[in-house]
Amino acid sequence: MTSNEVLRQWVAEVGELTRPDRIHWCTGSTEENQQLIEAMLDSGAFLELNKKTHPACYLHRSDQDDVARVEHVTFICTSQRDDAGPNNHWMDPAAAKAKMNGLFEGCMQGRTLYVIPYCMGPIDSPLSRCGVEITDSPYVVVNMRMMTRMGSAALARIEREDGFVRGLHSIGELDPERRFIMHFPADRMIQSFGSGYGGNALLGKKCHALRIASAQARTEGWLAEHMLIVGIENPQGEIHYIAAAFPSACGKTNLAMLIPPAEYEGWKVWTVGDDICWMQPGEDGRLWAINPEAGFFGVAPGTSENTNPNALAMLNEDAIFTNVGVTADNQPWWEGKDDDVPVTDWKGKPFNAEVNPAAHPNSRFTVPMRRCPSYSEQAEAPRGVPISAIVFGGRRERLVPLLMESKSWQHGVLLGAAMASETTAAATGAVGVVRRDPMAMKPFCGYNFADYWQHWLSFTDRASQLPRIFHVNWFRKNDDGYFMWPGFGDNMRVLEWVIKRCKGEVDVCETAIGQLPLAADININGLDIDSVTLGTLLEVDASAWLDETGQIREYLGQYGDRLPHQLLAELDKVAVSLQA
Ligand code: OXD
Ligand code: MN
């Protein structure tokens, strides 16, 4: 058990409410993990994959109605509705607790209640924060073991410090009508019922490391962001760390572990994180970042030898696959993987392309970060890594150029706040609809976006050497509907320009919307791209942008008086300059 009285009492209370058959305190040991896996193999929750090609790899098929995050039933429960903001669904905390108590009542009868102490971030980092998840799902336990520093070491830290995030989860009956993901930032508490899917059930990830942590970060003077962290090493051995925010399923994992094109001999890419970044000003005035996670929970479809060879290599062993297809020799398979032919789809039915894809579009892999060939040992550094540049990016077929730099930190905050992207399968709902997704945090900010932008703006007073801010768009299409930029490893060419700007090595073309690269400064050697295409990728269509600024103004208008004046002033400057 534990010497932490608060934790002991909370577990006892939850036990009384949910009435499990037994309570298990997770240590995170190999033996414990093995026992859970064996139990899941017995129950059918796990299927063993080809032992030769994929040792210690398992397939999990989720309930067919439980395959993605559910934003419409995800709530931020603050006493004042306005503190959650128009960006969140809100429920009164007392009403939410009453509703959840009703659902949790007796829900673990016949099940085991697992207590999972975990640490988000390196176990000995002052930037890390701890939590405890209570769950009745062994799938959650084995995933949390990969995704966080889980077990005895985390419990020891919890016993040393004051306060931890409390997360209560039950799969319930997996009934979509009885599914709620509740956040109580004031109590540092999460309650999730009715789903076993990643972002809804692995509470360390979106619920803690983004929604609760963003609110906590605001009061403590740091930032919790939906960003990858990547280190780019040049042939001279100099490493620049970049943090980049993209909406879900827009290629963060690919960018975090890209392999540079042949032209970049001597360059190396180091992966620190692929989804979440916690940043804090250091004594030197720079922002220092940790990845609070210890594993990847990545989107499987589209991952291939061409798009992300590092990911493919790390998925050969010790990985969990959720909702992918399988081949005749029992290997995991998803659309875009290779020329193999799947025989069974993600529902466990014979594969028929006319009926179902082999893998669900939001099928996932879970794997420890250390398995990634480009894994950076700096991901364990207690002080984190210093961030040179922040990159924002969305999925936009039109309008938005391949690359630009903000004119200032304040203008960079506007670039982030105005981000928009076409929706993907990572959440339930329509796919391909353009929606505003500020800082890629629309589904994840645990408080009012207006206050969040104010918090971002406040960093000019908190840190003297802030990173430069950039905006990219890999997804621009031509009139025939083809992507104009090759993306994937070739995104290195864009990152090279970003680093050159950080080092003051290249000039810019000043435009109304931002500072764009001179075409000659983007390395396109070895690329099948002509100067007209590159010109289009870097063009600014003033009248279309005026229209866009109108839409941004309308979007920001929802935040009323709470919206920071500075943000509107930045938007005004852009609009005036476009009119000129
Ligand atoms: C994720 C997501 O799982 O953003 O990372 O949906
Ligand atoms: Mn994500």
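Hydrogens, waters and symmetry mates are skipped; everything else that's a heavy atom, side chains included, is used. Indexing begins at 1, ligand by ligand and atom by atom, following the structure's order.
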A.B. asks: Can you confirm whether the side chains of Asp136 and Ser170 place a donor and an acceptor under 3.5 Å from each other?
C.D. replies: yes

A.B. asks: Do any nitrogen or oxygen atoms of Arg69 come within less than 3.5 Å of a nitrogen or oxygen of ligand 1?
C.D. replies: yes

A.B. asks: Does ligand 1 have a heavy atom under 4.0 Å from the side chain of Phe444, from its backbone, from both, or from neither?
C.D. replies: side chain

A.B. asks: Which of the atoms of ligand 1 are close to Ser248, meaning less than 4.0 Å from one of its heavy atoms?
C.D. replies: 2 (C), 4 (O), 6 (O)

A.B. asks: In terms of atom number and element, which parts of ligand 1 are under 4.0 angstrom from non-hydrogen atoms of His226?
C.D. replies: 4 (O)

A.B. asks: So, is Arg364 polar-close to ligand 1, with some N/O to N/O distance under 3.5 Å?
C.D. replies: yes

A.B. asks: Going by the atom numbers of ligand 1, which of them fall below 4.0 Å from some non-hydrogen atom of Asp275?
C.D. replies: 5 (O)

A.B. asks: Does the gap between the ring centers of Phe104 and Phe193 come in under 6.0 Å?
C.D. replies: yes

A.B. asks: Which pairs, with at least one residue in residues 185-200 and sequence neighbours excluded, count as a salt bridge (charged side-chain N to carboxylate O under 4.0 Å, His left out)?
C.D. replies: Lys97-Asp187

A.B. asks: With a 3.5 Å cut-off and no angle check, do the side chains of Ser128 and Arg149 form a donor-acceptor pair?
C.D. replies: no

A.B. asks: Could you count the protein N, O or S atoms found under 2.8 Å away from the Mn ion (ligand 2)?
C.D. replies: 3

A.B. asks: Parallel, tilted or perpendicular: which describes the rings of Phe459 and Trp409, with under 30° parallel and over 60° perpendicular?
C.D. replies: tilted

A.B. asks: What are the two closest heavy atoms between Ala84 and Thr78, and how far apart are they?
C.D. replies: N-OG1, 3.6 Å

A.B. asks: Scan residues 58-67 for pairs that pass salt bridge (charged side-chain N to carboxylate O under 4.0 Å, His left out), counting only residues two or more places apart or in two chains.
C.D. replies: Asp66-Arg179

A.B. asks: What protein heavy atom is closest to atom 5 (O) of ligand 1, reported as residue, atom name and distance in Å?
C.D. replies: Lys206 NZ, 2.9 Å

A.B. asks: Mind checking side chain to side chain contact (heavy atoms under 4.5 Å, CB included) for Glu335 and listing every partner two or more places apart, or none if nothing turns up?
C.D. replies: Trp333, Phe351, Pro357, Ala358, Ala359

A.B. asks: Mind checking whether Phe475 and Phe483 have parallel, tilted or perpendicular rings, split at 30° and 60°?
C.D. replies: perpendicular

